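Here's the structure we're looking at; comments come further down.
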Amino acid sequence: MNVDLYDFELPERLIAQTPLLERTSSRLLTLNKKDGKTQHHIFSDIIDYLNPGDTLVLNDTRVLPARLFGVKEDTGAKAEVLLLKNLGEDQWEVLVKPGKKLRTGAVIVFGDELKATIMEEGELGGRVLKFAYQGIFNEILDRLGQMPLPPYIKEKLEDKERYQTVYARNEGSAAAPTAGLHFTEELLDRIRAKGVTIAFVTLHVGLGTFRPMSVDRIEDHVMHEEYYVLPQETADILNETRVRGGRVIAVGTTSARTLETVSQKCGDGPIVKSSGWTQIFIYPGYQFGIVDALITNFHLPKSTLVMLVSALAGREHILSAYQEAIEKEYRFFSFGDAMFIY
């Protein structure tokens, strides 16, 4: 399959630059995956589409303020670092700017409390850094770091917490699981009160999520690795949901990818707890093992995420719904509006 099959024209003005003040006031497009029928709502109406006995699966990852600005110790030249993956022993896989001037052995200083030495060089600005500091690394990062917003967001984020879900608790992501940004504690309480179970998984989102595909054929694309955890409590809830005939509704493509990774491991047997690294790539032709429905945002043209939602609802249905969203001027991407595929 050619990547160009998932291309569409998106006016730049529809790329949301800032989050709405009220999380649940985003618009919501609902899409019936069987017949392609769409309807238009506000996000708080999602409760009308959830049934007693359903289970909503949320990704509780928390975004690290992973963008650091410093200077080269020897020259004072500016340097930017983006943390991607904790390798242990204070070493991190990172992206750096400017890549040409930040070579192995260079030391970058971030204020008075943090410095880093470049240990290895990789491709496209990739490096391995070893950090030196006094105190607790995450506390220092919270003081010095900025949120690693996607490259298509140009506005400064005034409130760091607005790029976190209200249920974020396990730090480790380089980006937010943005479908979850629409929920408030109050809405989650109303959903529980309706008889819908809420369960959690963790998938630490990598920046590969935002990288455009560099191949022509979908089958040639290699996904980036991301770390996931599906705890026993969630496994038990999923098994109970299956027995009672309820739907498993993933909140976001990250939750969906975690669930489907575990589904592939468990096959036809019961779901069991699982953790590890996943490179799962879901595109049309894929048969979903656990996920029945999906709450998601609107994604980039020719992205792996557009392919994932097309695998669930069909390419024609998705592209038609996207065209409708563009005509009705929905807001797109991370801070944009939502879609419910059921």
Side-chain angles (χ1 to χ4, degrees), residues 61-154 156-157 160 163-164 170-177 202-215 220-228 254 276-279 281 300 303-304 334:
T61 189
R62 188 169 176 80
V63 186
L64 287 166
R67 196 179 291 278
L68 290 163
F69 296 91
V71 295
K72 277 186 76 182
E73 190 174 51
D74 55 352
T75 65
K78 289 181 179 178
E80 182 181 336
V81 169
L82 184 61
L83 305 180
L84 295 182
K85 185 174 173 185
N86 187 347
L87 303 175
E89 298 181 347
D90 294 321
Q91 295 197 68
W92 283 77
E93 188 180 299
V94 304
L95 290 176
V96 299
K97 284 186 194 174
K100 289 180 181 174
K101 302 206 174 158
L102 295 167
R103 300 299 190 187
T104 303
V107 176
I108 307 169
V109 178
F110 311 93
D112 298 329
E113 33 185 356
L114 186 66
K115 63 168 61 176
T117 303
I118 299 176
M119 310 300 289
E120 295 175 29
E121 293 181 41
E123 297 177 350
L124 301 171
R127 301 286 186 274
V128 173
L129 297 190
K130 185 171 180 68
F131 285 94
Y133 53 92
Q134 295 291 322
I136 298 170
F137 183 75
N138 278 12
E139 289 181 1
I140 295 168
L141 197 59
D142 216 38
R143 287 194 291 276
L144 299 181
Q146 293 186 17
M147 280 298 174
L149 295 177
Y152 46 74
I153 293 177
K154 314 297 183 192
K156 189 175 180 216
L157 181 65
K160 276 186 188 178
Y163 194 55
Q164 304 279 15
N170 291 312
E171 283 198 325
S173 268
T202 304
L203 183 132
H204 293 318
V205 190
L207 276 196
T209 297
F210 304 117
R211 283 195 180 132
M213 293 178 73
S214 57
V215 295
D220 294 337
H221 180 67
V222 178
M223 289 288 282
H224 56 287
E225 273 193 333
E226 294 169 313
Y227 185 75
Y228 76 92
T254 60
W277 295 89
T278 180
Q279 286 182 289
F281 181 18
L300 285 160
S303 65
T304 59
S334 297

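Given the structure is predicted, the values throughout are model-derived calculations rather than measurements.
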**Item:** Criterion side chain to side chain donor-acceptor pair (under 3.5 Å) on N170 and T202, from CA distance to verdict
**Value:** CA-CA 7 Å; N170 291 312; T202 304; 3.2 Å; yes
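- In this structure, OH in Y163 is found 13.0 Å from CZ in R62, a value given to the nearest 0.5 Å.
- Between the side chain of Q279 and the backbone N or O of E225, no donor-acceptor pair lies under 3.5 Å.
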Side-chain donor/acceptor pairs under 3.5 Å, residues 80-93, sequence neighbours excluded:
| residue | atom | partner | partner atom | Å |
| --- | --- | --- | --- | --- |
| E80 | OE2 | R67 | NH1 | 2.4 |
| N86 | OD1 | G88 | N | 2.8 |
| D90 | OD1 | Y133 | OH | 2.5 |

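- In this model, a donor atom of one side chain and an acceptor atom of the other lie less than 3.5 Å apart for S334 and Y152.
- Judged by distance alone, with hydrogens and angles left aside, the side-chain atoms of E73 form no donor-acceptor pair with the main-chain N or O of V109 at under 3.5 Å.
- Distance CD/Q146 to NZ/K156: 6.0 Å, rounded to 0.5 Å.
- Among pairs with a residue in residues 98-107, those fulfilling salt bridge (charged side-chain N to carboxylate O under 4.0 Å, His left out) read R103-E121, at least two apart in sequence or across chains.
- A salt bridge does not link E120 to R127: none of the charged nitrogens lies less than 4.0 Å from a carboxylate oxygen.
- Across all non-hydrogen atoms, the minimal contact from L129 to A116 is CD1-CB, 3.9 Å.
- Heavy atoms from other residues, nucleotides or ligands lying under 6.0 Å from NZ of K160 number more than 12.
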**Criterion side chain to side chain contact (heavy atoms under 4.5 Å, CB included) on L102 and I118, from CA distance to verdict** = CA-CA 8 Å; L102 295 167; I118 299 176; 3.6 Å; yes
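- The minimum heavy-atom distance between F131 and F137, with the atom names listed, is CG-CE1, 3.9 Å.
- With hydrogens and angles disregarded, a donor-acceptor distance shorter than 3.5 Å links the side chain of Q164 to the backbone of V63.
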**Request:** Any chance you could lay out the side chain to side chain contact (heavy atoms under 4.5 Å, CB included) test for H221 and T304, step after step, and finish with the verdict?
**Result:** CA-CA 9 Å; H221 180 67; T304 59; 3.6 Å; yes
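- A79 approaches I108 most closely through the heavy-atom pair CB-CG2, 3.9 Å.
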**Prompt:** Going through the checks in order, is the side chain to side chain contact (heavy atoms under 4.5 Å, CB included) test met by L68 and L114?
**Reply:** CA-CA 10 Å; L68 290 163; L114 186 66; 4.2 Å; yes
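- E139 pairs by the salt bridge (charged side-chain N to carboxylate O under 4.0 Å, His left out) definition with nothing, not counting sequence neighbours.
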**Item:** Evaluation steps, side chain to side chain contact (heavy atoms under 4.5 Å, CB included), between L157 and L149
**Value:** CA-CA 8 Å; L157 181 65; L149 295 177; 3.9 Å; yes
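- A search for salt bridge (charged side-chain N to carboxylate O under 4.0 Å, His left out) contacts involving D112 returns nothing, not counting sequence neighbours.
- In this structure, F110 has no ring-ring contact (aromatic ring centres under 6.0 Å, His included) partners at least two apart in sequence or on a different chain.
- In this structure a side-chain-to-backbone donor-acceptor pair under 3.5 Å is missing from Y227 to L203.
- Looking only at side-chain heavy atoms (C-beta outward), L64 and S173 stay at 4.5 Å or farther from each other.
- Within the structure, the salt bridge (charged side-chain N to carboxylate O under 4.0 Å, His left out) test picks out the following pairs touching residues 143-154 (sequence neighbours left out): E113-R143.
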